[in-house]
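A short write-up of the structure that comes next.
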2 protein chains.
Amino acid sequence: MAGPKILVVDDEPNIRDLLTASLRFAGFQVRAVGNGAATISAVLEDEPDLIVLDVMLPDMNGFSVTKRLRGAGYTSPILFLTAKDSTEDKITGLTVGGDDYVTKPFSLDEIVARIRAILRRTMMEEEESTLKVGEISMDQDSHEVFIGDEVIELSPTEFKLLRYLMLNPNRVVSKAQILDHVWEYDFNGDAGIVESYVSYLRRKLDPFTSEPLIQTKRGFGYMLKSPKA
Amino acid sequence: MAGPKILVVDDEPNIRDLLTASLRFAGFQVRAVGNGAATISAVLEDEPDLIVLDVMLPDMNGFSVTKRLRGAGYTSPILFLTAKDSTEDKITGLTVGGDDYVTKPFSLDEIVARIRAILRRTMMEEEESTLKVGEISMDQDSHEVFIGDEVIELSPTEFKLLRYLMLNPNRVVSKAQILDHVWEYDFNGDAGIVESYVSYLRRKLDPFTSEPLIQTKRGFGYMLKSPKA
DNA sequence: AAGTTTCCTGAGAGTTATCTGAATATTTAT
DNA sequence: ATAAATATTCAGATAACTCTCAGGAAACTT
């Protein structure tokens, strides 16, 4: 019930809310603020286990905030959000220890996966990094997908789509849901692309499975069936 | 969980925090201070197993601090931090016993590696100095890299990059993370240089391996695969 | 059974990531 | 001082990937 505490820092209310909702749903305790000053006090007050920090804030940048936090003795990991096209995207040198970067625009599931990966390493909770559903297993550290001992090569999007399906076994997920979770939040294309990628996945995976992998629930979406449960 | 105790001494909060976070993540117990006077009392109080000491402090220099510490009976090793342009011969007199020095700006992984090397010698902990991943082995003391009994000559940067990859087997590391850990902390160049060095490493290593060494995980980073896991 | 809707998949255009050779700059060694 | 080794930048080539579209197949409706 009481998952790790996460502080979300972004000045765009849209993204803040998007992240807050997603992380709450993923089982984290979430608090969100919109500027650097509020970050400092929120950290001192709550001592979050991880901070999701946009490096472009109205009052300070990621450097200053990190500096202030580390100076105040805060040592928990930070996941930095950086704009990909920004002229000032040379913000290397920020990640120490278990920190990591994610570029905007990101996909919601990608953020959750990265947060889990960091906490797995820093909080030493014996959490499994391998997902297993039926005959498929996916190692989230090495990004490898296995069926039996056959390694399946997947493109980034194929990998993220499969991960989302594997995180929701025995549950029908709609194309709209998939689009919201797997694609970047500013993607404004057609839901038909999900069909294409489901097709790609089937082509790569089905030759190695004993039965078809991804079930189509006509009119509703797709589902990955797990024999157990 | 209780690693060796390390005292970090530097007057620049930036570097102090960078070091603190990195060393904590590496499993050390870390305390940090910012001047010579605080160093003396911290040592007497905590009896650290190693001190990371900037030689240019506001109140005393490395000579004085070391002299005072040795005079007080403190015998544990010291890793000195020196500015590159400062006269290095002054340092040579300081590093006696198990001591060592590193020039600023340093790379975070280099510091951790040097500390580990010193502690290996002084604390006699039966810790392995040879890294092995798949067919490659690396002796961190002699800086030699082997594939089978073939010795591979690597430049300093090539060596550090390979070490970082070998310390993270079966885990995808992004180019930004590599840059932050392997290159000096003030490097503000492009991440493309990582691509160049990966290319160099492959050219030198792949002729001797049975399968390609460094795997590219397009869109995510690079990974070194270890057969056992 | 015919019509309608939804889904599947191949083809292709456009984009992006990565690799590598070569040029330049810098450091180290002689 | 000069030469050699190493570090960094750059740009073209290549390969991989993303996304759209459209015809046909399958499933559902009437």
Side-chain angles (χ1 to χ4, degrees), chain A residues 84-85 89-90 92-93 101 103-107 110 143 145 152-162 165 172-176 178-179 182-207 212-223, chain B residues 83-85 88 103-107 110 143 145 152-162 172-176 178-179 182-207 212-223:
Chain A
K84 174 175 282 180
D85 56 338
D89 61 352
K90 288 273 186 79
T92 54
Y101 295 101
T103 56
K104 283 182 172 185
F106 45 78
S107 79
E110 185 64 12
H143 276 224
V145 173
I152 315 291
E153 297 292 339
L154 299 180
S155 81
T157 306
E158 288 162 2
F159 180 85
K160 290 180 209 164
L161 170 57
L162 179 59
L165 294 172
V172 178
V173 286
S174 70
K175 277 177 274 202
I178 294 175
L179 219 45
V182 176
W183 267 259
E184 297 169 351
Y185 57 74
D186 67 344
F187 180 76
N188 68 341
D190 191 83
I193 195 172
V194 177
E195 295 173 15
S196 285
Y197 271 89
V198 167
S199 175
Y200 296 156
L201 269 187
R202 282 175 172 153
R203 190 180 318 168
K204 287 190 176 178
L205 299 173
D206 280 349
L213 192 77
I214 304 169
Q215 301 187 9
T216 301
K217 294 293 174 182
R218 195 184 166 84
F220 297 102
Y222 298 97
M223 187 183 75
Chain B
K84 179 168 281 180
D85 55 331
E88 290 192 8
T103 58
K104 286 182 175 184
F106 46 79
S107 83
E110 185 63 12
H143 273 223
V145 174
I152 314 291
E153 296 293 339
L154 298 180
S155 80
T157 305
E158 288 163 0
F159 179 85
K160 288 181 220 164
L161 171 58
L162 179 59
V172 178
V173 286
S174 70
K175 278 179 275 201
I178 294 174
L179 215 48
V182 175
W183 267 259
E184 298 169 350
Y185 57 75
D186 67 343
F187 180 79
N188 70 339
D190 191 81
I193 195 171
V194 177
E195 294 174 20
S196 286
Y197 271 89
V198 166
S199 178
Y200 297 156
L201 268 185
R202 282 175 172 153
R203 194 176 314 168
K204 287 191 176 178
L205 299 172
D206 279 351
L213 191 75
I214 303 169
Q215 299 189 7
T216 300
K217 293 290 173 179
R218 188 175 231 263
F220 296 104
Y222 299 97
M223 185 184 74

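Note on naming: letters A, B, ... go to the chains in the order of the sequence lines (proteins, then strands), and numbering restarts at 1 for each one.
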- To the nearest 0.5 Å, tell me how far Leu213(A) CG sits from Met223(A) CE.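 Going from CG on Leu213(A) over to CE on Met223(A), the span is 11.0 Å.
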Side chain to side chain contact (heavy atoms under 4.5 Å, CB included) against [X], all qualifying residues, sequence neighbours excluded:
X	value
Lys160(B)	Ser107(B), Glu110(B), Arg163(B), Val182(B)
Pro156(A)	Phe220(B)
Thr103(A)	Thr82(A), Lys84(A)

Only distances under 3.5 Å count here; give the side-chain donor-acceptor pairs of residues 188-198 of chain A to other protein atoms, sequence neighbours excluded, each with its distance to 0.1 Å.
from      : atom 1 : to        : atom 2 : distance (Å)
Asp190(A) : OD2    : Gly192(A) : N      : 2.6
Glu195(A) : OE2    : Lys175(A) : NZ     : 3.0

- Which atoms form the tightest heavy-atom contact between Leu201(A) and Glu158(A), and what is the distance?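 Distance-wise, the nearest heavy atoms are CD2-O, 3.9 Å.
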- Would you check if Leu154(B) and Lys204(B) make a side-chain contact, meaning some heavy-atom pair closer than 4.5 Å?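 In short, these two side chains touch, coming nearer than 4.5 Å.
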- Item | Note, Leu205(A) side chain near Leu162(A) side chain (heavy atom, < 4.5 Å) |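 Yes, at least one pair of side-chain atoms sits under 4.5 Å.
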Tell me, please, which residues at least two apart from [X] pass side-chain hydrogen bond (donor to acceptor under 3.5 Å, both in side chains).
X	value
Thr157(A)	none
Arg202(B)	Thr216(B)
Arg218(A)	none

- Message: Evaluate Val172(B) against Tyr222(B) for side-chain contact (heavy atoms from CB on, under 4.5 Å), listing each step before the verdict.
- Response: CA-CA 5 Å; Val172(B) 178; Tyr222(B) 299 97; over 6 Å; no
Integer-rounded Å distance: [N] [atom2] and [X] [atom1]:
X	N	atom1	atom2	value
Asp186(A)	dC19(D)	CG	P	10 Å
Glu184(B)	dT8(D)	CD	C1'	13 Å
Glu153(A)	dC17(D)	CD	C1'	14 Å

- Which of residues 213-222 of chain B sit near DNA chain D, with a heavy atom under 4.0 Å from it?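 Close to the strand are Arg218(B).
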Table of protein N/O atoms under 3.5 Å from nucleotides 2-7 of chain D N/O atoms:
from   : atom 1 : to        : atom 2 : distance (Å)
dA7(D) : OP1    : Thr157(B) : N      : 3.2
dA7(D) : OP1    : Thr157(B) : OG1    : 2.5
dA7(D) : OP2    : Ser155(B) : OG     : 2.6
dA7(D) : OP2    : Tyr197(B) : OH     : 3.0
dA7(D) : O5'    : Tyr197(B) : OH     : 3.2

- Task: Describe, in one word, how the ring planes of His143(B) and Phe159(B) are oriented to each other, choosing from parallel (under 30°), tilted (30 to 60°) and perpendicular (over 60°).
- Result: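 It falls in the parallel class, under 30°.
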- Task: To the nearest 10°, let me know how far the axis at one end of the helix from dA1(C)-dT30(D) to dT30(C)-dA1(D) is tilted from the axis at the other, five pairs an end.
- Result: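 Answer rounded to 10°: the end axes differ by 30°.
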- Between which nucleotides of DNA chain C, read 5' to 3', does contact with chain A run, using atoms under 4.0 Å from its heavy atoms?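 Under 4.0 Å from chain A, the extent on DNA chain C is dT5(C) to dA17(C).
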